[in-house]
Amino acid sequence: MAFISSGYDPENPMKDRITDIGPRNFEEFYPPVIKDNKGKWLYHEILQSGVLVHVSETGDEVYTVRAGGARLMSVSLVREICDIADKHCGGYVRWTTRNNVEFMVDSKDKVQPLLDDLQSRKFPGGSYKFPVGGTGAGITNIVHTQGWIHCHTPATDASGPVKAVMDEVFEDFRNMRLPAHLRISLACCLNMCGAVHCSDIAILGYHRKPPMIDHEYLDKMCEVPLAIASCPTAAIKPKKVEIGGKTVNSVEVNNSRCMYCGNCYTMCPCLPLQDKEGDGIVLMVGGKVSNRISAPKFSKVAVAFIPNEPPRWPQTAKTIKKIVEAYSADANKYERLGDWAERIGWERFFEKTGLEFTHHLIDDFRDPAYYTWRQTTQFKF
Amino acid sequence: MAKHETPLLDQLESGPWPSFVSDMKQEAESRAKNVNNVEFQIPKDVIEDLMGVLELSYKDGTTHWKHGGIVGVFGYGGGVIGRYCDQPESFPGVAHFHTLRVNQPSGHFYSTEYLRQLCDLWEFRGSGLTNMHGSTGDIIFLGTTTPQLEEIFYEMTHKLDQDLGGSGSNLRTPSDCIGQARCEYACYDTQDLCTHLTQEYQDELHRPAFPYKFKFKFDGCPNCCVASIARADMSFIGTWKDDIRIDQDAVKGYVNGEFKPNGGSHSGRDWGPFDIQKEVIDLCPTKCMRYENGKLEINNRECTRCMHCINVMPRALRPGKQTGCSILVGAKAPILDGAQMSSLLLPFVEVNKENDYQEVKDVIESIWDWWMEEGKNRERLGELMKRQGFQKLLEVTGVDPIPQHVSEPRHNPYIFWKEEEVPGGWERDINEFRKHHKR
């Protein structure tokens with residue numbers, strides 16, 4: 001493995017340096033039918049699950065085949081996508097905001113060969129490489145974060161639970177039987193790189209133990225005032241600690257005030273809080289980002305804790321399936337999960353989903369909590 | 001024979017959904033065989049070690065990645081996330097395993113030629129594993145060593161005409177929905193605005209000078225496919241001011257069952273024949289529509305542009321022609337004080353390419369001036385808005401208060417009057433007062 005220089009000269013880093021050029025311009029990457037019809041589209045239709053047609057005022061049509069994919073993707077797989085796009089789509093392809101791959105062709109006769117090609121490709125383990133679906137009133141791909149494969153603060157894995165849940169709800173990826181579309185998202189800690197707080201169903205990794213304190217190294221590795229300031233509940237204060245006969249500057253944590261957010265760990269690596277028994281999954285439901293019919297809304301905690309169960313997170317997957325089935329059976333056409341829960345009332349939501357209501361689900365965090373308590377005699381027995 | 005046994009991960013190969021484990025194995029095998037004689041610049045068995053450390057996490061239920069380190073490319077403060085394994089002896093191939101964020105082209109459109117160039121570079125100088133894409137929208141290159149960072153950056157800028165994305169306390173890589181490229185609802189050109197502002201603010205994107213992260217997201221219509229209202233410090237959401245365009249013949253087409261409602265999105269179940277009264281008129285949140293004598297009428301003045309009727313009957317209804325965007329500000333994820341949604345600041349802003357989007361930039365820069373001056377370390381814009389009040393936001397942006405700014409007026413009379421608003425001011429003479437009011 002000999003080092004091969006790119007041409008960069010470490011002795012002279014500014015030589016020929018190119019910076020601040022930004023991304024490549026999108027116009028280079030439009031397929032011709034997109035370039036010719038941008039801004040001229042009249043309407044669209046989902047011909048079957050995963051297949052859309054958009055019709056332009058010029059009379060042109062573009063057919064899109066949407067395929068699910070893991071967000072973690074090897075260059076071998078990306079090259080295979082390129083091969084497919086070269087063969088069927090004139091060398092162009094795109095991704096959606098939810099990690100689906102979209103193959104576009106400019107006439108209807110090109111759709112079936114493309115579909116056949118995509119459906120025929122499987123991994124040796126048996127899973128589809130490019131399952132077609134993810135459109136309309138169904139469940140599309142789960143947007144998610146890194147998890148155990150690459151992050152330092154996760155309370156759960158990301159790719160594993162996503163694979164397990166998508167296997168569980170796979171038929172709803174390929175079908176459009178639900179009352180409205182249902183968006184599932186996963187964030188492996190409440191930093192929420194994936195910002196799952198407005199999803200129909202949010203899978204959220206959560207810690208449940210206050211940080212451990214690495215007194216011996218804390219003052220050497222961290223800025224004590226920053227660690228203290230990072231705590232949203234003021235649970236951390238400075239403390240002098242005896243270590244091996246020497247007094248060192250460190251901190252103390254008021255465990256009863258800690259809400260396990262991990263913000264202190266972000267500021268100070270000597271305050272780790274990860275733990276096999278402590279960490280697990282919170283399920284939140286009923287959020288949305290669309291302004292359709294009702295305003296966008298936050299997801300609400302419906303299950304306070306499910307333990308991590310690698311490799312296939314069975315309780316998480318089954319609980320989600322249960323919520324999806326209750327929603328599917330009871331909601332009106334066009335009604336999102338959160339709108340359904342509000343219409344029938346949350347007491348009915350817990351009844352119909354069979355989820356247990358526990359004290360953990362009553363908000364006790366600062367001012368917004370009060371607004372979530374029931375201040376009316378209107379409730380259902 | 002694999003380098004590490006992975007009995008737990010192996011259980012994620014079955015089932016229909018694409019298996020990331022199978023994909024990692026295929027890449028590990030491809031590197032081991034190396035049919036194209038690539039001179040790998042990081043360990044050949046990097047993926048096997050990555051699977052080994054992931055298997056260990058599956059066994060003991062916790063991560064094995066350490067806190068990031070300060071790594072990057074010269075002159076930039078973002079774009080590279082340092083990452084080190086906490087079990088380097090067992091998994092030397094991933095002892096250093098840094099991430100690069102590569103600024104994606106707006107709309108996530110690609111030519112295969114360009115994608116193959118990215119793949120070649122990343123196979124040669126990195127792990128060959130990517131995220132397509134990261135949560136913020138970037139192409140993620142997952143895992144390389146420190147000496148490769150400058151080499152990758154040099155090749156990317158010189159051969160691929162491609163720059164890194166944002167990380168840290170700077171402008172994060174802006175992202176957008178598919179917009180007018182392939183969507184009839186888009187009220188402005190999201191790709192063009194996204195790219196234009198990304199280029200305009202390269203310095204803010206690469207060199208952290210902000211209190212914390214700052215995100216732009218561009219949604220072409222109120223359906224919000226890129227979730228800007230939940231995820232961006234500034235959300236640019238397409239809208240229109242004039243009337244929804246109606247094709248009455250097409251409305252009849254839906255009523256007569258010629259066209260599938262909602263573009264065929266509900267065809268997986270028999271919901272019965274389309275009922276325009278039940279499915280459109282009655283679900284309109286403002287009840288501003290009626291269908292009588294075969295004619296659809298919309299009282300556009302009362303319409304709040306929720307998109308429902310347009311979504312249900314895309315062949316018959318289209319957004320108006322006088323389009324632009326609403327600007328909402330302050331969304332963020334829960335950490336620390338709870339999640340925030342963006343709040344409406346400007347109901348309508350022209351999105352005008354001809355003058356390089358000057359109206360939009362004026363708003364952005366007035367907000368940045370305030371936030372950079374007043375924002376505390378790691379305080380998002382939404383948190384500053386909460387701390388100093390919406391009134392302050394109006395003041396710094398020079399926007400007049402209007403009822404559209406609130407969902408309802410305040411519940412308390414604890415108004416912070418300004419002294420100049422109260423006749424005579426606050427300085428009064430207690431002795432003068434006592435002449436008429438005994439102690």
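Lettering follows sequence order; numbering is per chain, from 1.
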Does either side chain, that of [X] or that of [Y], offer a donor lying less than 3.5 Å from an acceptor on the other one?
X: B:Glu27; Y: A:Ser76; value: yes
X: B:Arg378; Y: A:Thr266; value: no
X: B:His108; Y: A:Arg94; value: no

Straight-line distance of [X] [atom1] to [Y] [atom2], nearest 0.5 Å:
X: B:Met24; Y: A:Leu72; atom1: CE; atom2: CG; value: 6.0 Å
X: A:Thr97; Y: B:Ile178; atom1: OG1; atom2: CD1; value: 9.5 Å
X: B:Lys25; Y: A:Ser74; atom1: NZ; atom2: OG; value: 14.0 Å
X: B:Asn262; Y: A:Glu45; atom1: CG; atom2: CD; value: 11.0 Å
X: A:Arg79; Y: B:Arg116; atom1: CZ; atom2: CZ; value: 8.5 Å
X: B:Leu283; Y: A:Arg292; atom1: CG; atom2: CZ; value: 9.0 Å

Which region of [X], side chain (C-beta onward) or backbone (N, CA, C, O), has a non-hydrogen atom less than 4.5 Å from a non-hydrogen atom of chain A, or is it both or neither?
X: B:Glu55; result: neither
X: B:Ala339; result: both
X: B:Leu54; result: side chain
X: B:Lys260; result: side chain
X: B:Glu29; result: neither
X: B:Leu50; result: side chain
X: B:Arg315; result: both
X: B:Phe124; result: side chain
X: B:Val73; result: both
X: B:Thr198; result: side chain
X: B:Arg305; result: neither
X: B:Ile140; result: side chain
X: B:Arg182; result: both
X: B:Lys376; result: neither

Which bit of [X] comes within less than 4.5 Å of chain B, counting heavy atoms only: side chain, backbone, both or neither?
X: A:Asn175; value: side chain
X: A:Leu226; value: side chain
X: A:Asn332; value: backbone
X: A:Thr135; value: neither
X: A:Val143; value: neither
X: A:Glu102; value: side chain
X: A:Ser299; value: neither
X: A:Arg366; value: side chain
X: A:His181; value: neither

Exercise for the section: Apply the test side chain to side chain donor-acceptor pair (under 3.5 Å) to residues A:His152 and B:Arg83: give CA-CA distance (whole Å), side-chain angles for both, the deciding distance (0.1 Å), then the verdict. Expected result: CA-CA 8 Å; A:His152 66 295; B:Arg83 192 63 77 217; 3.1 Å; yes
Between the side chain of [X] and the main-chain N/O of [Y], is any donor-acceptor distance below 3.5 Å?
X: B:Gln199; Y: A:Ile21; result: yes
X: B:Gln202; Y: A:Gly22; result: yes
X: A:Glu27; Y: B:Asp192; result: no
X: B:Glu123; Y: A:Val75; result: no
X: A:Lys276; Y: B:Lys59; result: yes
X: B:His133; Y: A:Thr96; result: no

Please find the pair of heavy atoms, one from [X] and one from [Y], that lie closest to each other, and give the distance.
X: B:Gln41; Y: A:Phe3; result: OE1-CA, 3.3 Å
X: A:Asp275; Y: B:Thr62; result: N-CG2, 3.7 Å
X: B:Pro261; Y: A:Lys333; result: CG-NZ, 3.9 Å
X: A:Gly68; Y: B:Pro18; result: O-CG, 3.9 Å
X: A:Thr145; Y: B:Ser135; result: CG2-OG, 4.2 Å
X: B:Ser106; Y: A:Phe26; result: O-CB, 3.4 Å

Handout entry: Test side chain to side chain donor-acceptor pair (under 3.5 Å) applied to A:Ser328 and B:Arg269, step by step
Key = CA-CA 11 Å; A:Ser328 175; B:Arg269 189 195 295 197; 2.9 Å; yes
Exercise for the section: Step by step, work out the ring pair (Phe, Tyr, Trp, His ring centres under 6.0 Å) result for A:Tyr30 and B:Phe109. Expected result: CA-CA 6 Å; A:Tyr30 282 156; B:Phe109 282 92; 5.0 Å; yes
Strictly under 6.0 Å, is that where the ring centroids of [X] and [Y] end up?
X: B:Trp17; Y: A:Tyr128; value: no
X: A:Tyr265; Y: B:His67; value: yes
X: B:His266; Y: A:Tyr334; value: yes
X: A:Trp95; Y: B:Tyr110; value: yes

Problem - Test log, rule salt bridge (charged side-chain N to carboxylate O under 4.0 Å, His left out), inputs B:Glu150 and A:Arg17 - result: CA-CA 10 Å; B:Glu150 288 287 359; A:Arg17 196 163 189 87; 3.1 Å; yes
Problem - Member of B:Thr99, B:Asn131, B:Thr63 meeting the side chain to side chain donor-acceptor pair (under 3.5 Å) criterion with A:Gln146 - result: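 Among B:Thr99, B:Asn131, B:Thr63, the one that satisfies the side chain to side chain donor-acceptor pair (under 3.5 Å) with A:Gln146 is B:Asn131.
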Problem - A:Lys38 with B:Asp189: basic N within carboxylate O range, under 4.0 Å - result: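 B:Asp189 and A:Lys38: salt-bridged.
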Problem - With sequence neighbours excluded, residues passing side chain to side chain contact (heavy atoms under 4.5 Å, CB included) with B:Ala230 - result: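 Result, side chain to side chain contact (heavy atoms under 4.5 Å, CB included) vs B:Ala230: A:His197, A:Cys198, A:Val289, B:Met341.
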Problem - Close side-chain approach of B:Leu142 to A:His150, heavy-atom, < 4.5 Å - result: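 B:Leu142 reaches A:His150 side chain to side chain.
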